[in-house]
Amino acid sequence: MAKKEFKSESKRLLDLMINSIYTNKDIFLRELISNASDALDKLYYRSLTDKKLKVKKDKLEINISYDKDNRTLTVSDNGCGMTKDELESNLGTIAKSGTLAFKENMSKEEKANIIGQFGVGFYSAFMVSDKITVTTLSPDSDSAYVWESEGADGYTIKEAKKDEIGTEIVLKIKEDTDEVEYSKYLDEYELKSLIKKYSDYIRFPIKMEVTHHELKDEEKHEYEDHKEIETLNSMIPIWKKAAKDVSDEDYDNFYMDKFSDYDKPLKVIHSSVEGMTSYKSLLFIPSHAPYDYYTQEYEKGLALYSNGVLIMDKCAELLPDYFSFIKGVVDSEDLSLNISRELLQESQGLKLIAKNIESKICKELENMLKDDRDNYISFFKTFGVQLKYGVYNNYGQDKDKLKDLVMFYSAKHERLITLSEYVSEMKEGQESIYYASGASVEKIGALPQVEQVRDKDYDILYLTDYVDEFCVTAIQKYEEKSFKNVSDENLDLESEEEKKETEKANKDNSDLLKDMSELLDEVKEVRFSNKLKTHPVCLTTKGDVSIEMQKVFDAMPNDMGIKAEMILEINEKHPISKKIKELYKKDKDEFEKYSKILYSEARMIAGLPIDNPTEISRLICEVISK
Ligand code: ADP
């Protein structure tokens, strides 16, 4: 039979694998064992509804054996096996879930990270073997098949003989080199300790023949080797153990294995709940966003077990969207296995668990914010957008749960703070929580409107994420204080005297201002103002839609035509005001040019595009060449 080629990306990944850039080779064993365990889970779960399948739970197991002379290591299971098609699609492609962006000039570490991220599972066995032979029989197939490969140049699939349903994987272990002693994977003691270290929690027995040194004759000091099949793992899932019996390293290893992450989790939340519906849960906050987190392919959810049987890999109902980054396991004996998954997903028991889990996560995050701020900030920088999205999503119905978890950049402290911290520092007479939005902290800091507020020593929250303004708008009020955009037209920070002055200036020049606003299409109104300190002009808005919100709407695929009502404000104390007043009297043409230039300046400062840049630059040149 002709050799089949691996898909090209798989081939490249395999090359990297074989050339062993992933330094921790030991993990291949846990990958094979965890595949075997999944296969046992699948078969058992199927047997609950498919009565033709005769499966005894206590007969399901994983076997490990080795042969030093032939340098083979065998991992076998009596799980679901694979049909010919399954063999082809499962072992002929790597990383089905995504496109591997391999770049030529990537460092060793970067490549290793990619491999870790994709959790290449089965293929990691090529790190330690020259040849892999997989013999498998599925209950859906009349014949068994054997898949064989010596690495990157391809694989073959042939019919084979196998009596029992399940899979047997034989690895031909590489010869030792100066750097790596591959023979350790043929050593009883090594294998035992690797299994104990990485696969102890697997809920099916992992069996191997073990040698016992037994004293035969005490006087003669004679020993006899005695061989016995033993179960090497404790089979207690880590989430069922008491937290005090689990080390940090155990949690980390479990997380990295189960959720294919190359980094330790940022936080572990292990709990056991007794009540109407009892359950145990082990949740993790990843330290970075999963590689596919921002893609359509990402599925949220927790692994759901009942009575030690895996029901669903990713039960989405257990997590609200704003906690979609949480990984973990839930095990409840109170969930009925005899109903369909669909009904289970709708069940009251499951809803109750979901509710508990949500408040547990909220509580843990609150504690982390209180007691371990640095870690919280690192968390927030990674997943904060998700929480802010949660605040305004679904018409803000969840905002009360989340409003104390969101943080914004404070102009005064130059770091992230919470709303409660902002409010507790509000000055006497300060009515509102001030915020300003823009593309970056630097850009917001340079906004003319910011200066006036900062001059009065009020703190301002700088909103730099596109969701931010929608988030504060959804919160509406925090501890009775409402939010106020510093770019709002009626900021109301002037003294009575200043207000009178401005009013007079606007009244005295009403014709000029009206004519100017007619020259500028998108502008609702032009006015003189007192709030600008050193700056000549700025744009403010009337009503609910701010300039930053308009930018978000503009960027949406279906333009709904939602526009901010813009006001052009001109600094009455700036020399430019005198100039335009003169021009208005003497030279209307020139007045028109100045108006357009000033408006474009204000747009630029607000980060809005200039629609007619050629015309504006021509106007500027005309004016400055005089
Ligand atoms: P992953 O386990 O992350 O899906 P792997 O490369 O480890 O990726 O395995 C690919 C697929 O091959 C598995 O999803 C599973 O369908 C199948 N497979 C691997 N090992 C076994 C096994 N022992 N029994 C049945 N199917 C298996």
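Both ligands and their constituent atoms are indexed starting at 1 by order of listing. Computed from heavy atoms alone, side chains included, the values below leave out hydrogens, waters and symmetry copies.
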Tell me whether Ser129 contacts the main-chain N or O of Lys131 through its side chain, where contact means a donor paired with an acceptor under 3.5 Å. no
So, do Phe383 and Phe380 have ring centers that fall under 6.0 Å from each other? no
So, do Tyr376 and Phe379 have ring centers that fall under 6.0 Å from each other? yes
Checking Asp77 now: which residues fulfil side-chain hydrogen bond (donor to acceptor under 3.5 Å, both in side chains) with it, not counting sequence neighbours? none
Does ligand 1 come near enough to Ile169 that some N or O of the ligand is less than 3.5 Å from an N or O of the residue? no
Quick check: Tyr123 and ligand 1, any N/O pair under 3.5 Å apart? no
Within the 4.0 Å heavy-atom shell around Asn90, which atoms of ligand 1 are there? 10 (C), 11 (C), 12 (O), 15 (C), 16 (O), 17 (C)
For Met82, state whether at least one heavy atom is located under 4.0 Å from any atom of ligand 1. yes
Is Lys42 near ligand 1, meaning one of its heavy atoms is under 4.0 Å from it? yes
Under the salt bridge (Lys or Arg N to Asp or Glu O under 4.0 Å) rule, what do Glu88 and Lys84 come out as? Steps first, then yes or no, please. CA-CA 6 Å; Glu88 182 84 49; Lys84 191 178 176 196; over 6 Å; no
With sequence neighbours left out, the residues meeting salt bridge (charged side-chain N to carboxylate O under 4.0 Å, His left out) with Lys196 are Asp200
When you look for heavy atoms under 4.0 Å from ligand 1, do you find them on the side chain of Asp77, its backbone, both, or neither? side chain
Heteroatom proximity flag, Asn35 to ligand 1, N/O under 3.5 Å: yes
